[in-house]
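Quick caveat: nothing in here was measured; it's all calculated off a predicted structure. We use all heavy atoms of the structure for the numbers below, so side chains are in, but hydrogens, waters and symmetry mates are not.
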Amino acid sequence: MSNWFEVPVTRLLLVLAIVIVVGAPAVSAQEDEESQGEETQASASDRRRAMISTGLDSEAIAARWPDAAVWLEPPEEDRVLALFEPEKETPASGALLILADEGQSVASGLAGALRQPMARAGWAVMTVGLEPPPYAVQQARRQQAITDAEMSRSNAGNGGTGNTDAGESIMIDVMDGVDVEELEDQYRTGIQKTLSVAVGDLKDKGYDRVAVAGIGTASGHVARMAPTAGGDVSALVWIAPVFARSDSSDLTEWLSEAGQIRVLELHSSRAPEVAEGAGLRSPKEREAAFRRADITAYTRQPVAMSDRPEPRDAPALANRLSAWLASDR
């Protein structure tokens, strides 16, 4: 009885061993193909990430505030949501266009918090969100920041004689097949188109005085308007500005070409007197550079707030803004 039982079991084990040995290469090959497919998909995904936008929940915001929603249509660009708040006092002092800080929507952060207090001060207010730049540009900026920090440490160790050309090639291409400089130019051009259309919309609404404010990194985009916006914009405002290295070096030229446009910089009272990083300037250093260039339309005011102001700072900032804007009437 035991012999009869042992023979089938032995044969069964032998058959299973053969199946495992024969099937293993096929399973391995299938896993290799799946792995290669995943790597190909990941590579394609990386390339797409260079261009994609995260979005700012514009549709949901427009549905929540349908009466305030204004869809701007910049030429050759996707439509952009703006929120419009009419003045609470008449006659209106003018209109204020606010570009939110990078990554913030039309209704969030400080931009959203400024709408009501500025409207109560007699200003019509339009806010526009600012999507972050393409992924490849963000990656290049992070690499540039690391390089700047390394250069600063190197310069400190070498008595300020470090190599200032080390970071120049970073913005050229940080991903295979992606021209980062071209992506950034397209991104900036799209924002300038949006600002121009927004100013035009406010003009069409009957506001003769239009001021434009940028928060944080948006200040650089607002500053870029200076040479060409003289006929439509009466004032530019930088709130806690964060300028890119390239923008920082161009500010003097832009304001020199701005004619009679007034410029106000509202910055933290805790801002350092000397900026760290190659090509960057503190508010005090910017003011000195503008004075050397005989630019008299620039004013800076320190405010008791953090370096990156929050919605709770909106009332104090609105008081400063409205007072300064009213001084030109």
Side-chain angles (χ1 to χ4, degrees), residues 72 74 82 87 89 91-99 111 114 118-119 121-128 188-189 191-244 246-267 281-303 317-329:
L72 307 174
E87 67 280 3
E89 295 183 2
S93 299
L96 175 65
L97 171 62
I98 303 176
L99 183 62
L114 281 170
M118 287 303 298
W123 287 82
V125 182
M126 177 177 285
T127 57
V128 178
R188 287 172 170 170
T189 298
I191 294 169
Q192 291 302 307
K193 290 179 180 179
T194 298
L195 292 173
S196 178
V197 170
V199 170
D201 185 87
L202 292 171
K203 287 284 188 178
D204 291 342
K205 285 178 167 54
Y207 298 102
D208 294 329
R209 296 181 66 208
V210 177
V212 184
I215 300 171
T217 53
S219 299
H221 300 291
V222 170
R224 285 174 173 269
M225 300 178 67
T228 59
D232 297 319
V233 176
S234 61
L236 301 177
V237 181
W238 307 333
I239 302 175
V242 179
F243 294 112
S246 58
D247 289 349
S248 184
S249 62
D250 291 334
L251 286 174
T252 302
E253 179 181 352
W254 292 341
L255 295 195
S256 296
E257 300 173 2
Q260 298 303 310
I261 295 181
R262 297 196 306 153
V263 179
L264 170 66
E265 177 174 353
L266 296 173
H267 61 85
R281 288 174 175 167
S282 68
K284 187 174 183 179
E285 290 173 317
R286 276 192 289 274
E287 182 180 42
F290 296 152
R291 285 181 176 175
R292 288 193 296 269
D294 293 326
I295 296 172
T296 59
Y298 167 85
T299 302
R300 70 177 179 92
Q301 295 183 14
V303 182
L317 287 169
N319 288 338
R320 293 292 189 98
L321 267 172
S322 57
W324 181 81
L325 290 170
S327 66
D328 190 38
R329 297 188 64 181

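When all heavy atoms of Val125 and Ala119 are compared, the closest pair comes out as CG2-N, 4.0 Å. The shortest non-hydrogen separation linking Val197 to Pro74 is CG2-CA, 3.8 Å. Across Pro241 and Glu265, no two heavy atoms sit closer than the pair CG-OE2, 3.3 Å. Nearest heavy atom pair, residue Gly94 against residue Trp123, reads C-CE3, 3.2 Å.
Counting only heavy atoms from C-beta outward, the side chains of Leu97 and Val128 approach each other to under 4.5 Å. Taking 4.5 Å as the limit, some side-chain heavy atom of Lys203 sits within range of a side-chain heavy atom of Val210. Within the 4.5 Å cutoff, side-chain heavy atoms of Thr252 are placed close to those of Arg281.
Annotation: Lys205, atom NZ; neighbour count of heavy atoms from other residues, nucleotides and ligands within 6.0 Å is above 12.
Contacts classified as ring-ring contact (aromatic ring centres under 6.0 Å, His included) and involving residues 198-219 (residues at least two apart or in different chains) are not found. For residues 217-229, the set of pairs meeting the side-chain hydrogen bond (donor to acceptor under 3.5 Å, both in side chains) definition, not counting sequence neighbours, comprises Asp101-Thr217, Arg224-Asp247. Note on residues 291-302: pairs passing salt bridge (Lys or Arg N to Asp or Glu O under 4.0 Å), not counting sequence neighbours, are Glu287-Arg291, Glu287-Arg300.
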Side-chain atoms of residues 317-326: list all donor-acceptor pairs with protein atoms under 3.5 Å, sequence neighbours left out, distances to 0.1 Å.
unit_1, atom_1, unit_2, atom_2, d
Asn319, ND2, Pro315, O, 3.4
Arg320, NH1, Gln301, OE1, 3.2
Arg320, NH1, Pro302, O, 3.1
Arg320, NH2, Pro302, O, 3.3
Ser322, OG, Ala318, O, 2.8
Ser322, OG, Asn319, O, 3.2

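With sequence neighbours excluded, the residues that form a ring-ring contact (aromatic ring centres under 6.0 Å, His included) with Phe290 are Tyr298. Residues satisfying the salt bridge (charged side-chain N to carboxylate O under 4.0 Å, His left out) test with Glu87, not counting sequence neighbours, are none.
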Problem - Derivation and outcome, side-chain contact (heavy atoms from CB on, under 4.5 Å), residues Leu96 and Leu114 - result: CA-CA 10 Å; Leu96 175 65; Leu114 281 170; over 6 Å; no
Practice task
Would you sort out whether Val199 and Met225 count as a side-chain contact (heavy atoms from CB on, under 4.5 Å), showing the intermediate values?
Solution key: CA-CA 11 Å; Val199 170; Met225 300 178 67; 4.2 Å; yes
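To the nearest 0.5 Å, the span separating CD1 on Ile98 from CE on Met126 amounts to 11.0 Å.
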